[in-house]
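Naming: A, B, ... by sequence-line order, numbering from 1 per chain. Every value quoted in this text rests on a predicted model; they were computed, and no experiment measured them.
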Protein chains: 2
Amino acid sequence: MVEEAAEDQLAIFDLPGHLARRLHQIAVSIFMEGAREFGITPVQYSALSAIRHVPGIDQRRLSRMIAFDRSTIGDVVQRLVKKGLVAAERGTADRRTNRLFITDEGSAAIDAMQPAVDRTNKDLLKPLSDGEQAIFMFLLQKLVHRNNDMSRAPLFPSEGRQGTARAKGPAGDESP
Amino acid sequence: MVEEAAEDQLAIFDLPGHLARRLHQIAVSIFMEGAREFGITPVQYSALSAIRHVPGIDQRRLSRMIAFDRSTIGDVVQRLVKKGLVAAERGTADRRTNRLFITDEGSAAIDAMQPAVDRTNKDLLKPLSDGEQAIFMFLLQKLVHRNNDMSRAPLFPSEGRQGTARAKGPAGDESP
DNA sequence: TATGGAAAGGCAGTATACTGTCATCTTTTT
DNA sequence: AAAAAGATGACAGTATACTGCCTTTCCATA
């Protein structure tokens with residue numbers, strides 16, 4: 001019919017923006033399904049992991065580290081605290097900061113979730129062959145890293161993956 | 001120093017789920033910047049395009065067509081109506097449905113936005129070479145289409161890209 | 001040392017996205 | 001025709017994401 005012919009012409013489906021939205025939608029869906037028993041979201045998992053790796057990190061550094069918006073991170077942290085997975089305390093060296101620590105419960109939760117989380121990430125790529133997966137991941141990383149400064153909460157290299165550039169100086173060492 | 005070593009080990013950055021979230025985040029950011037003068041979101045643009053292509057479509061079909069959640073679509077439509085870009089009327093043949101039509105204003109808005117939208121989609125892929133872009137888009141489409149049924153609002157083939165005309169352009173599912 | 005700029009975090013407001021529930025209407029079955 | 005089953009949309013509730021504004025605190029510098 002006329003309707004269907006019109007639908008055929010819709011160009012949206014092949015636009016990278018639309019596909020990026022769909023990929024994210026699908027990734028969240030697979031994660032929520034695979035980690036259902038733990039009642040945790042992808043974002044909460046990322047935050048929890050980061051806090052375990054950098055005990056005492058403040059919210060601002062956390063948001064830059066995993067590219068969360070600085071406004072969003074407050075709510076996420078609040079939920080993790082409420083669940084007893086994270087403990088927060090006011091910084092003493094800099095009283096503006098909210099320093100975050102993972103609890104024993106939180107640490108145990110991450111360990112328990114590990115296999116399920118690994119599985120969800122594998123499942124997402126399953127439609128591709130091994131070779132295709134490698135290529136896709138390489139290009140996806142390149143795209144994200146090169147476009148890093150295009151979002152409000154860019155990932156800062158020095159606070160994120162490599163940490164050697166400017167991480168040595170300030171912050172951090174008022175440890176408990 | 002202990003801190004920095006710890007940060008280096010954070011595995012999140014290379015997980016497909018995290019990168020999918022970042023890619024979407026970046027895509028939205030580029031779109032909002034590039035289409036700032038039009039005051040429209042990526043999702044609203046998709047809905048508007050779909051409504052123009054299938055005048056009189058109801059909300060349920062629209063949500064399946066562009067893979068929106070059926071709960072979300074109501075709000076999106078409401079905003080488009082409020083902006084005067086879309087008109088809604090109760091269906092007569094099936095009085096449960098909310099039939100959607102694009103207004104002259106809405107149609108003019110799409111036309112005016114076209115160049116800016118094209119530019120944002122180009123910009124997103126700009127970090128990759130032409131060859132890499134083609135490969136990435138091919139794999140991204142494959143991934144999204146094969147994982148289609150993994151989210152709550154899957155895109156229905158019969159209402160989405162191929163309709164009746166599957167024969168002429170099978171979307172290159174297999175061959176590159 | 002006084003002061004202005006900048007940083008950290010909170011809060012309000014808006015927009016997507018999903019779950020679950022409900023009322024209404026349609027279609028199928030009996 | 002009456003009852004059961006299914007579809008459509010509305011609504012409440014939760015979670016990410018972002019913009020803008022505000023207070024508190026820190027820091028550099030005049």
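Of the side-chain N and O atoms in B/R21, one or more sit less than 4.0 angstrom from OP1 or OP2 of D/dA17. B/Q25 has a side-chain polar atom (N or O) that falls below the 4.0 Å cut-off from OP1 or OP2 of D/dC18. Taking side-chain N and O atoms only, B/Q59 has no distance below 4.0 Å to OP1 or OP2 of D/dA7. Using a 4.0 Å cut-off, no side-chain N or O of B/R99 falls inside it from OP1 or OP2 of D/dG9. In this structure, A/R96 does not reach the D/dC22 phosphate: none of its side-chain N or O atoms is under 4.0 Å from OP1 or OP2. Side-chain nitrogen and oxygen atoms of B/R90 include none within less than 4.0 Å of the OP1 or OP2 phosphate oxygen of D/dG9. For the OP1/OP2 pair of D/dC26 and a distance below 4.0 Å, the side-chain nitrogens and oxygens of A/R95 include at least one atom meeting the criterion.
Rounded to an integer number of Å, the gap from A/I26 CD1 to C/dA17 C1' is 14 Å. Between the P atom of D/dA15 and the CD1 atom of A/I73 lies a distance of 15 Å, rounded to the nearest Å. One atom, CG of B/N98, and another, C1' of C/dC25, lie 14 Å apart when rounded to the nearest Å. Distance CZ (A/R61) to P (C/dA8): 10 Å, rounded to an integer number of Å. Rounded to an integer number of Å, the gap from A/F68 CZ to C/dG9 P is 15 Å. As a whole-Å value, the separation of A/M32 CE from D/dA15 P is 9 Å. If you measure from atom CD of B/Q78 to atom P of D/dA10, you get 8 Å, rounded to the nearest angstrom. A/I57 has its CD1 atom 15 Å from the C1' atom of C/dG9, to the nearest Å.
Side chain A/R60 to base C/dG9: a donor-acceptor pair is found below 3.5 Å. A donor N or O paired with an acceptor N or O is not found under 3.5 Å between the base of D/dG9 and the side-chain atoms of B/T97. The base of C/dG20 sits with one of its N or O atoms less than 3.5 Å from a complementary donor or acceptor on the side chain of B/S71. Checked by distance alone, B/S29 brings no side-chain donor or acceptor within 3.5 Å of a matching partner on the base of D/dC18.
Within residues 42-51 of chain A, the residues having any heavy atom closer than 4.0 Å to DNA chain D are, in order of number, A/V43, A/Q44. A heavy-atom distance below 4.0 Å to DNA chain D is reached by none of the residues of residues 80-89 of chain B.
Between the B/Q133 side chain and the B/L125 main chain, a donor and an acceptor come within less than 3.5 Å of each other.
Between B/V144 and A/L19, the closest heavy-atom pair is CG2-O, 3.8 Å.
Between A/D75 and B/D94, the residue whose closest nucleotide on DNA chain D is further toward the 5' end is B/D94. When each of B/T92 and A/H24 is assigned the nucleotide of DNA chain C bearing its nearest heavy atom, the one mapping closer to the 5' terminus is A/H24. Heavy-atom distances to DNA chain D give each of A/V76 and B/R36 a nearest nucleotide, and the one nearer the 5′ end belongs to A/V76.
The CG atom of B/L124 sits 5.5 Å away from atom CG of B/L23, with the distance rounded to the nearest 0.5 Å.
B/T72 comes within contact range of at least one nucleobase, with a heavy-atom separation under 4.0 Å.
Using modelled atom types, one finds no donor on one side chain facing an acceptor on the other under 3.5 Å when comparing A/N147 with B/R22. Counting only N and O atoms by type, the side chains of B/R52 and B/S107 include a donor and acceptor under 3.5 Å apart. Side chains of A/K83 and A/Q44: a donor-acceptor N/O pair is present below 3.5 angstrom, by distance only.
Under the side-chain contact (heavy atoms from CB on, under 4.5 Å) test applied with B/L62, the options B/L100, B/V54, B/V76 reduce to a single match, B/L100.
Of the charged side-chain nitrogens involved, at least one lies within less than 4.0 Å of a carboxylate oxygen, so that B/E132 and A/K142 count as a salt-bridged pair. Ionic pairing of A/D58 and A/R60 is not present here: no N-O contact between side-chain nitrogen and carboxylate oxygen is shorter than 4.0 angstrom.
Between A/D14 and B/Q141 the shortest side-chain heavy-atom distance falls below 4.5 Å.
In this structure, B/Y45 and B/F31 have tilted ring planes: the angle between them lies in the 30° to 60° band.
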